[in-house]
*Asks:* 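Just passing along the structure, written as structure tokens.
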Amino acid sequence: MTTIRRFCCNDLLRFASVNLDHLTETFNMSFYMTYLARWPDYFHVAETPGNRIMGYIMGKVEGQGESWHGHVTAVTVAPEYRRQQLAKKLMNILEEISDKIDKAFFVDLFVRASNMPAIKMYEKLGYVVYRRVLRYYSGEEDGLDMRKALSRDVDKKSIVPLKRPITPDELEYD
């Protein structure tokens, strides 16, 4: 049976095999530590009964006013554990925290425009493409900013798509 629990410091030494997928963004150790320290509620891991890491999610809450939102920085599942709805379970946890605890208006994430399996999964979870960010990934590949409105956004204003693509320097960082 799979256990989903909060990510802890020791997991940083055990999760490298999950990051081997070429579509998974890998960060330096201090980046993970910052997320763990600042947004521990948004960092979870799924593991096997034998304590092998199957996948994880890390995110944060950011923005102001109606732009207050949960953000999925990374969600990944090791190839041998895919198609078991682990990513969905991890996403649900982040969405629930964003909605019920932090009272965010929406959850957003960025995904490579070429990553159709992930895009289809996010769409099944209720996400829509809000905007295309030109050359978002390493200045080469476009990224899609996908969003899902939460209960606080009654009129679903946060997910009305932009009519034109933007460049990375047009992104608002909080």
Side-chain angles (χ1 to χ4, degrees), residues 2-9 11-12 15 18-19 23-27 30-47 53-77 81-82 84-113 115 117-133 136-137 143-162 166 168 170-174:
T2 301
T3 300
I4 296 178
R5 60 166 175 77
R6 268 191 173 176
F7 201 94
C8 65
C9 285
D11 295 326
L12 290 169
F15 80 136
V18 177
N19 280 350
L23 294 173
T24 297
E25 198 80 20
T26 301
F27 307 98
S30 65
F31 188 85
Y32 293 107
M33 291 295 290
T34 298
Y35 271 72
L36 195 53
R38 290 189 63 188
W39 302 285
D41 291 343
Y42 285 79
F43 210 156
H44 285 82
V45 63
E47 64 183 3
I53 293 182
M54 305 163 76
Y56 68 91
I57 190 166
M58 64 185 268
K60 61 185 174 179
V61 63
E62 62 184 356
Q64 297 176 353
E66 290 185 356
S67 291
W68 180 245
H69 67 282
H71 174 73
V72 178
T73 303
V75 59
T76 190
V77 174
Y81 299 112
R82 292 186 183 155
Q84 298 178 31
Q85 308 223 339
L86 283 178
K88 177 181 178 180
K89 290 173 186 168
L90 292 166
M91 292 289 291
N92 287 342
I93 291 169
L94 188 139
E95 291 167 9
E96 187 77 10
I97 292 165
S98 298
D99 193 32
K100 303 291 191 274
I101 295 173
D102 287 318
K103 308 285 189 236
F105 284 87
F106 61 93
V107 171
D108 80 339
L109 57 89
F110 290 86
V111 61
R112 290 178 184 274
N115 191 349
I119 293 166
K120 288 184 186 322
M121 179 194 72
Y122 295 134
E123 288 173 341
K124 284 182 187 170
L125 296 176
Y127 286 78
V128 298
V129 175
Y130 173 69
R131 59 189 171 181
R132 177 179 286 265
V133 183
Y136 179 75
Y137 288 97
L144 301 179
D145 179 355
M146 297 186 76
R147 293 186 176 187
K148 180 178 183 175
L150 299 175
S151 62
R152 189 168 180 197
D153 185 6
V154 177
D155 297 326
K156 310 284 186 235
K157 291 193 279 186
S158 65
I159 62 170
V160 175
L162 290 186
I166 66 167
E170 292 177 272
L171 288 170
E172 56 287 331
Y173 292 102
D174 300 304

*Asks:* If only side-chain N and O atoms count, and only distance matters, is there a donor-acceptor pair under 3.5 Å linking D102 with Y42?
*Replies:* yes
*Asks:* Mind checking the CG-CD1 spacing from L86 to I57? Nearest 0.5 Å is all I need.
*Replies:* 11.5 Å
*Asks:* For F106 and Y130: C-alpha separation, side-chain torsions, deciding distance, then whether ring-ring contact (aromatic ring centres under 6.0 Å, His included) applies.
*Replies:* CA-CA 11 Å; F106 61 93; Y130 173 69; 7.4 Å; no
*Asks:* Measuring from atom CG of L150 to atom CD of E96, what distance do you get when rounded to the nearest 0.5 angstrom?
*Replies:* 9.5 Å
*Asks:* Work out which heavy atom in A113 is nearest to a heavy atom in I119; give both atom names and the distance.
*Replies:* O-CD1, 3.6 Å
*Asks:* Where do M121 and A87 come nearest, in terms of heavy atoms and distance?
*Replies:* SD-CB, 3.6 Å
*Asks:* Sort out for me which residue in R147, R131, H71 forms a side chain to side chain donor-acceptor pair (under 3.5 Å) with D108.
*Replies:* H71
*Asks:* Quick one: OH on Y32 to OG1 on T26, what's the gap to the nearest 0.5 Å?
*Replies:* 5.0 Å
*Asks:* Hey, could you give me the CD/NZ distance between E95 and K88, rounded to the nearest 0.5 Å?
*Replies:* 10.0 Å
*Asks:* So V128 and P161, do their side chains get closer than 4.5 Å, heavy atoms only?
*Replies:* no
*Asks:* For a 4.5 angstrom cut-off between non-hydrogen side-chain atoms, does M91 reach Y122?
*Replies:* yes
*Asks:* Can you say whether the rings of F43 and F7 are parallel (under 30°), tilted (30 to 60°) or perpendicular (over 60°)?
*Replies:* parallel
*Asks:* How about NZ on K156, more than 12 heavy atoms from neighbouring residues, nucleotides or ligands closer than 6.0 Å, or not?
*Replies:* yes
*Asks:* Are R5 and D11 side-chain neighbours, meaning at least one heavy-atom pair lies under 4.5 Å?
*Replies:* yes
*Asks:* How are the rings of Y136 and F110 set to each other: parallel, tilted or perpendicular (split at 30° and 60°)?
*Replies:* parallel
*Asks:* Which atom names give the shortest non-hydrogen contact between A149 and I159, and what distance separates them?
*Replies:* N-CG2, 3.6 Å
*Asks:* Heavy atoms only: give me the nearest I4-A46 pair and the separation to one decimal.
*Replies:* CG1-CB, 4.0 Å
*Asks:* Could you give the distance from CG (D155) to CZ (F105), rounded to the nearest 0.5 Å?
*Replies:* 10.5 Å
*Asks:* Do other residues, nucleotides or ligands put more than 12 heavy atoms under 6.0 Å from Q85 CD?
*Replies:* no
*Asks:* Look at the aromatic rings of F31 and F27 and report parallel, tilted or perpendicular, splitting at 30° and 60°.
*Replies:* parallel
*Asks:* If you round to the nearest 0.5 Å, how far is NZ of K89 from NE2 of H44?
*Replies:* 14.5 Å
*Asks:* Is it the case that more than 12 heavy atoms not belonging to E66 sit under 6.0 Å from its CD atom?
*Replies:* no
*Asks:* Is there a side-chain contact between K148 and Y127 (heavy atoms, below 4.5 Å)?
*Replies:* yes
*Asks:* Can you check whether V61 reaches W39 side chain to side chain, under 4.5 Å on heavy atoms?
*Replies:* yes
*Asks:* Test of understanding: with salt bridge (Lys or Arg N to Asp or Glu O under 4.0 Å), list the residues that count as partners of K100, not counting sequence neighbours.
*Replies:* none
*Asks:* Would you name the heavy atoms of G70 and S98 that are closest together and state the gap between them?
*Replies:* CA-OG, 3.5 Å
*Asks:* Taking all non-hydrogen atoms of both residues, which atom of W68 and which atom of K103 are closest, and how far apart?
*Replies:* CD1-O, 3.5 Å
